[in-house]
Amino acid sequence: MLDIKYLRDNFEQAQQRLATRGDEIDLAPLRQLDSRRRELLGEVEALKAEKNRVSALIGKTKDKSTVKDEISRMKEVSSRIKELDEDLRRVNDELQSFLMTIPNLPHPQCPPGGGEDDNVELRSWGELPQFDFEPKAHWDIGEALDILDFERGGKIAGARFTLYKGAGARLERALINFMLDLHTGEHKYVEMLPPFMVNRDTMTGTGQLPKFEHDLFHVEGMDYFLIPTAEVPVTNIHRDEILAAEQLPLYYTAYTPCFRKEAGSHGRDTRGLIRQHQFNKVELVKFVAPQDSDAELEKLLDNAEEVLRRLKLPYRVMDLCSGDIGFSAARTFDIEVWLPGQNVYREISSCSTFGDFQARRAAIRYRPVEGGKPELVHTLNGSGLAVGRTLLAILENYQQKDGSVVIPEVLRPYMGGMERITAT
RNA sequence: GGAGAGGUGGCCGAGUCGGCUGAAGGCGCUCGCCUGCUAAGCGAGUGUACGGGGAAACCUGUACCGAGGGUUCGAAUCCCUCCCUCUCCGCCA
């Protein structure tokens, strides 16, 4: 959520910055609602002040018969207050829901652009593997090794669900543990295991609601949603809290499954593990003081990249342009892993700073060292990494001519020493 | 699911037959004083949000005692609904 005071004073500028996202966002109604709100507020508060004053007077009067007129007058004032409060509530609700649908302002350093094609490649890492055979796609590799069963995943649940088997299931688990150990052990994140279902307030705090309800799985009969990412429960850990300055920065990491409807992506990535209704992810979340957020984003990105470096998977880093960043994000770096079976780079991590956008929605504040008023923290998060996509990247990059897949060295301790997955 | 207890400020904890309680008291914290260190002691201060005024310090109004309604001139205090926590029982990974 954007700051209404900022919007009040920097109307044109805000309008222009939002325009770089490419959506048509007209802020005009905001001005109207805002001034109407303040008008009503002044009126109703003056009446309440009078009511309070007179009521106190009545309270002090022993003989109530001498204040009959005041009592009947306050009766009218009270009902007038009720009307005005009702108007105010309506205007307020309208203002709030309008604010809730406005995306974040792109970061000043966010490259301008209309869409994917304008994203900027910052760097790439690793040698693309050379094969003396035609590299296969992971779905073929996984089925041939009998470690991924798309057929039965579909039977059990439906399209976009996969059954992992044997070494495939273990590899997924190994990746989760490897990532968590790296981030907690070397990058100093605190591990969290949050609920996988959350309430409406939590979904609103990080920006999924109210605008993106159609992407979420909702639990029938209870007002719970399945989380689309650990960002949601983990960022909301500190919702409605005022943190001490000394607590910052806070680094949290969490493994969770993620559930997404993928509405609107019908027919895209229908094969394989790329786009699933349920997938595993290890997430990195930070709460930082505003002046640190840019540097913290770089570090977070590096923490995510480190996973790929250790796994020796080639990747590149993209600086997403203003037209391609998400609703709540101010700036986003995507890490894209090389997939030789498909001859493309695919997103495997998305690292973003949200500035104070989520913090304002979720009321996550801290008290500055100098004391004084609480200020909003900045929140950041990134995948560290998407586990299913990491697994498929391993299958494609480490595939051998004989159909087997070599296990990256750092994962072998997590695989009981296994060095290679072969067809049984 | 059944029975009971409870939700007040950073924490603990008072709030009598509704009015003088933004909220006693204690702890904690901050600043100052004092004691050659430490402990103790003394004094002052110490919630949040949204308005209005002011360059600012600050002054001022309103709201908030789990949430939402109701009764009343007036509610933390009475009534209703919901949520959450705890205890016991049942069921259960």
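Throughout, a chain's letter reflects where its sequence line sits, starting with A, and its residues are numbered from 1.
Nearest-nucleotide assignment on RNA chain B puts the 5′-proximal partner with A:Arg37, out of A:Arg37 and A:Asn52.
Residues A:Tyr366 and A:Phe287 keep their aromatic ring centres 6.0 Å or farther apart. The distance between the ring centers of A:Tyr251 and A:His183 does not fall below 6.0 angstrom. Taking the six-membered ring for Trp and the full ring otherwise, the centers of A:Phe327 and A:Phe212 sit less than 6.0 Å from each other.
Counting to the nearest Å, the P atom of B:U60 and the CD atom of A:Glu45 are 15 Å from each other. Computed from coordinates, the A:Leu47 CG to B:G52 P distance equals 17 Å when rounded to whole Å. Following rounding to the nearest Å, A:Ile242 (CD1) and B:U48 (C1') show an atom-to-atom distance of 6 Å. One can place CD of A:Glu39 at 15 Å from P of B:G51, the figure rounded to the nearest angstrom. Atom NZ of A:Lys5 is separated from atom P of B:A49 by 9 Å (rounded to the nearest Å). Taking atom CG on A:Leu41 and atom P on B:G52, their separation rounds to 8 Å, with Å as the unit. Between the P atom of B:C50 and the CG atom of A:Leu99 lies a distance of 12 Å, rounded to the nearest Å. For A:Leu88 and B:U62, the CG to P distance is 15 Å, given to the nearest whole Å.
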Checklist entry - Dot-bracket for RNA chain B, 5' to 3', with Watson-Crick and G-U pairs under 3.5 Å, [ ] for crossing pairs and | for other-strand pairs: what is it? => result ((((((((.[[[..)...(.....]]]((((((.......))))))(((((((....))))))).[[[[[..)....]]]]])))))))....

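One C1' atom belongs to B:U72, the other to B:C80, and the distance between them is 16 Å to the nearest Å. The C1' atoms of B:G22 and B:U8 are separated by 11 Å, rounded to the nearest whole Å. Comparing the same atom, C1', in B:C12 and in B:G52 gives a spacing of 37 Å after rounding to whole Å. The same atom, P, is picked in B:G6 and in B:C79; the two are 13 Å apart, to the nearest Å. When the P atom is compared between B:G15 and B:A24, the two are found 14 Å apart, to the nearest whole Å. The same atom, C1', is picked in B:G66 and in B:G54; the two are 38 Å apart, to the nearest Å. If you take atom C1' in B:U46 and the same atom in B:G51, they sit 24 Å apart, rounded to whole Å. Going from the P atom of B:C91 to that of B:G2 covers 15 Å, rounded to whole Å.
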Next on the checklist: Please evaluate residues A:Thr206 and A:Arg361 with respect to the criterion side-chain hydrogen bond (donor to acceptor under 3.5 Å, both in side chains), reporting the C-alpha separation (whole Å), side-chain torsions for both, the decisive distance (0.1 Å), and the verdict.
Outcome noted: CA-CA 7 Å; A:Thr206 29; A:Arg361 287 182 161 238; over 6 Å; no

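A 6.0 Å sphere centred on CD of A:Gln32 holds no more than 12 heavy atoms belonging to other residues, nucleotides or ligands.
Looking at heavy-atom distances under 4.0 Å, A:Lys60 makes no contact with the nucleic acid at all. Nucleic acid contact class of A:Arg367 (heavy atoms, under 4.0 Å, all strands): sugar-phosphate only. Backbone-only engagement by A:Arg8 is indicated by non-hydrogen atom pairs under 4.0 Å involving sugar-phosphate atoms exclusively.
For the residue pair A:Tyr255 / A:Asn177, no side-chain donor-acceptor distance below 3.5 Å is found, with atom types taken as modelled. For the residue pair A:His378 / A:Asp292, no side-chain donor-acceptor distance below 3.5 Å is found, with atom types taken as modelled.
The listed nucleotides are B:A63, B:U48, B:G51; the one nearest the side chain of A:Lys48 is B:A63. The A:Ala49 side chain lies nearest to B:G61 when the options are B:G61, B:G47, B:C50.
Taking CZ of A:Arg152 as the reference point, atom CG of A:Leu148 lies at 13.0 Å (rounded to 0.5 Å).
Within the cation-pi definition used here (under 6.0 Å to the ring centroid, within 45° of the axis), A:Arg260 does not qualify as a partner of A:Phe217.
Salt-bridge formation is detected for the pair A:Asp93/A:Arg89: a Lys NZ or Arg NE/NH1/NH2 atom is positioned less than 4.0 Å from an Asp or Glu carboxylate oxygen.
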Checklist entry - For nucleotides 66-79 of chain B, read 5' to 3', which letter fits each nucleotide if B means a protein heavy atom sits under 4.0 Å from the base, S means only the sugar-phosphate is that close, and - means neither? => result ----SS-BS-----

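Under 4.0 angstrom from either OP1 or OP2 of B:A49 there lies at least one side-chain N or O belonging to A:Lys373.
A side chain to side chain donor-acceptor pair (under 3.5 Å) with A:Arg331 is found for one member of A:Asn104, A:Asp319, A:Thr353 and no other, namely A:Asp319.
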